[in-house]
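Note on naming: letters A, B, ... go to the chains in the order of the sequence lines (proteins, then strands), and numbering restarts at 1 for each one. Predicted model only: the values in this text are computed from it and were never measured.
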There are 2 protein chains.
Amino acid sequence: MVLNALKEHIKKNIEISSEDLETICSYFKLKSIKKKDFLLTQGNIYKYEGFVIDGCFRIFTIDKKGNENTLYFAAKDWWLMDIDSFMNQKPSNLNIQALEDSQVLLINRTDKLTLYQTLPVVEKLFRIMSQKALVAWQRRLIRNQCETAKQRYLYFSKTYPNIASKLTDKQIASYLGITHEFLSKIKKQQ
Amino acid sequence: MVLNALKEHIKKNIEISSEDLETICSYFKLKSIKKKDFLLTQGNIYKYEGFVIDGCFRIFTIDKKGNENTLYFAAKDWWLMDIDSFMNQKPSNLNIQALEDSQVLLINRTDKLTLYQTLPVVEKLFRIMSQKALVAWQRRLIRNQCETAKQRYLYFSKTYPNIASKLTDKQIASYLGITHEFLSKIKKQQ
DNA sequence: GAAAATTGTTGAACAAGTTCAACTGTTGTA
DNA sequence: TACAACAGTTGAACTTGTTCAACAATTTTC
């Protein structure tokens, strides 16, 4: 059953009773998203938080010069969030696009706030997940500052082979913060 | 009184009763740290989480090549954390050094875990603070990817003038991810 | 207050990464 | 199946940032 992936994911992060687990999961609804479709586009308020059941997404921004900048990719068991837009009801700077036909479990803002209020364990769950994510973002920033594009490319394709294999070089380049021409030259070198 | 800064900070993030606020604050102890002294050095387990009352700190790592890479600076009202080391009792990759004579409120791991267990509002507080920090780290990464060193320098000195004024150019360069020679050239340009 | 250590500046040669343009190879799609 | 759209490759000229070395200015320390 589709909710099992979410349940397993939650249990990896916290200890939780099965009643609480059921309650949490009952608020999530499954949605299918076709390849190239958007779950969120820049300028709109993000009304959901999503957990990827199957498929792959790219989360990116487009800057003033028109360059696409990929924040991260989300495959199975990753979250699709824009905390700032979702919590503060602000227009988002992000685009969330399916790279292949995908399935996500979505929860809306009202239900999420209800969960926070009624189940303290949900606060704990998202506190722990946020802190883990924070550590990961700090490490990525440091890597960006002290490694060359080639080292970052090798790290990415080694660390996330399943995701990397689904991506075009253009998408990988926008994640690494380099042009796709330069990525092409890097790959030729080795 | 010294705890007032912490109380005000907490109240900016969540709604909280004054009893709970008192309870939380009662676990923090004031510590003075002399200029150039370390609150944490790379390889050790970080036993505290700190809230800066006065002074300024630099949080940085040293990579294999011996280059210092500054993660962030923490002045009044900022937190001094290494979540990964503190929560998982792992040796830290970070150094936390006072840039001037400073004062911090510290809480140890046992007390922090007690707070999490006894006061649900503490989970919420750190969930919210972590999520805000996460958003900030994502934005910084995007800025690093699409702006030049000069733009990043101007952004930093405009956004954090109080912190920037306390720092040497070498420290600022290590935060921006450039050499201090290049920062010197950037400053000459304008 | 002098010596030592650190920080900041400058230049020249170099390396990393971009831009633009032209071309090739793939993947949709009518 | 053909054609359009997009992804990938390559080269030349360019910009951004690094490295190293020498020197000047400032701060620390005894």
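- A ring-ring contact (aromatic ring centres under 6.0 Å, His included) with Trp79(B) is found for exactly one of Tyr72(B), Phe126(B), Phe57(B), Tyr48(B), namely Phe126(B).
- In this structure, of dT7(C), dT10(C), dG17(C), it is dT10(C) that holds the atom nearest to the side chain of Glu181(B).
- Just one of Lys185(B), Lys187(B), Lys188(B) meets the salt bridge (Lys or Arg N to Asp or Glu O under 4.0 Å) condition when paired with Asp169(B); it is Lys187(B).
- With DNA chain C read from its 5' end, the first of the two nearest nucleotides for Lys36(B) and Phe182(B) is the one closest to Lys36(B).
- With rounding to whole Å, Lys188(B) atom NZ is found 16 Å from dT16(D) atom P.
- With dG8(C), dA7(D), dT9(D) as the candidates, the nucleotide lying closest to the side chain of Lys170(A) is dA7(D).
- Looking at the side chain of Ile178(A), the nearest of the listed nucleotides dG17(D), dT9(D), dG17(C) is dG17(C).
- Contact annotation: Thr148(B) does not reach the phosphate of dT16(D) (side-chain N/O to OP1 or OP2, under 4.0 Å).
- Between the CG atom of Asn67(A) and the C1' atom of dT18(C) there is a distance of 11 Å, rounded to whole Å.
- Distances were taken from every side-chain heavy atom of Lys185(B) (C-beta onward) to each of dG8(D), dA12(C), dT9(C); the shortest belongs to dA12(C).
- Note: NE2 (His180(A)) to P (dC20(C)) measures 12 Å, nearest angstrom.
- Within the structure, a side-chain polar atom (N or O) of Thr179(A) is placed less than 4.0 Å from OP1 or OP2 of dT18(C).
- Between the CG atom of Leu176(B) and the C1' atom of dG17(D) there is a distance of 13 Å, given to the nearest Å.
- Of the possible donor and acceptor atoms, one in the side chain of Asn95(A) sits under 3.5 Å from a partner among the backbone N and O of Phe60(A).
- As a whole-Å value, the separation of Gln151(B) CD from dT18(C) P is 14 Å.
- Per the geometry, CD belonging to Glu100(A) stands 15 Å off P belonging to dT27(C), to the nearest Å.
- At the heavy-atom level, Lys35(B) lies under 4.0 Å from the strands shown only through sugar-phosphate atoms.
- We find that CG of Asp169(A) is positioned 12 Å from P of dT10(D), with the value rounded to whole Å.
- A salt bridge is absent between Lys35(A) and Glu100(A); no separation between the charged side-chain nitrogens and carboxylate oxygens falls under 4.0 Å.
- Cation-pi geometry between Arg109(B) and Tyr46(B) is not met at under 6.0 angstrom from the ring centre and within 45 degrees of the axis.
- Between the CD atom of Glu68(A) and the P atom of dC6(D) there is a distance of 12 Å, rounded to whole Å.
- In this structure, Gln145(A) and Asn69(B) approach most closely via the heavy-atom pair OE1-OD1, 2.5 Å.
- Each end of the helix from dG1(C)-dC30(D) to dA30(C)-dT1(D) yields a helix axis from five base pairs, and these two axes differ in direction by 50° (to the nearest 10 degrees).
- In this structure, Gln131(B) contributes its side chain and Ile128(B) its backbone to no donor-acceptor pair below 3.5 Å.
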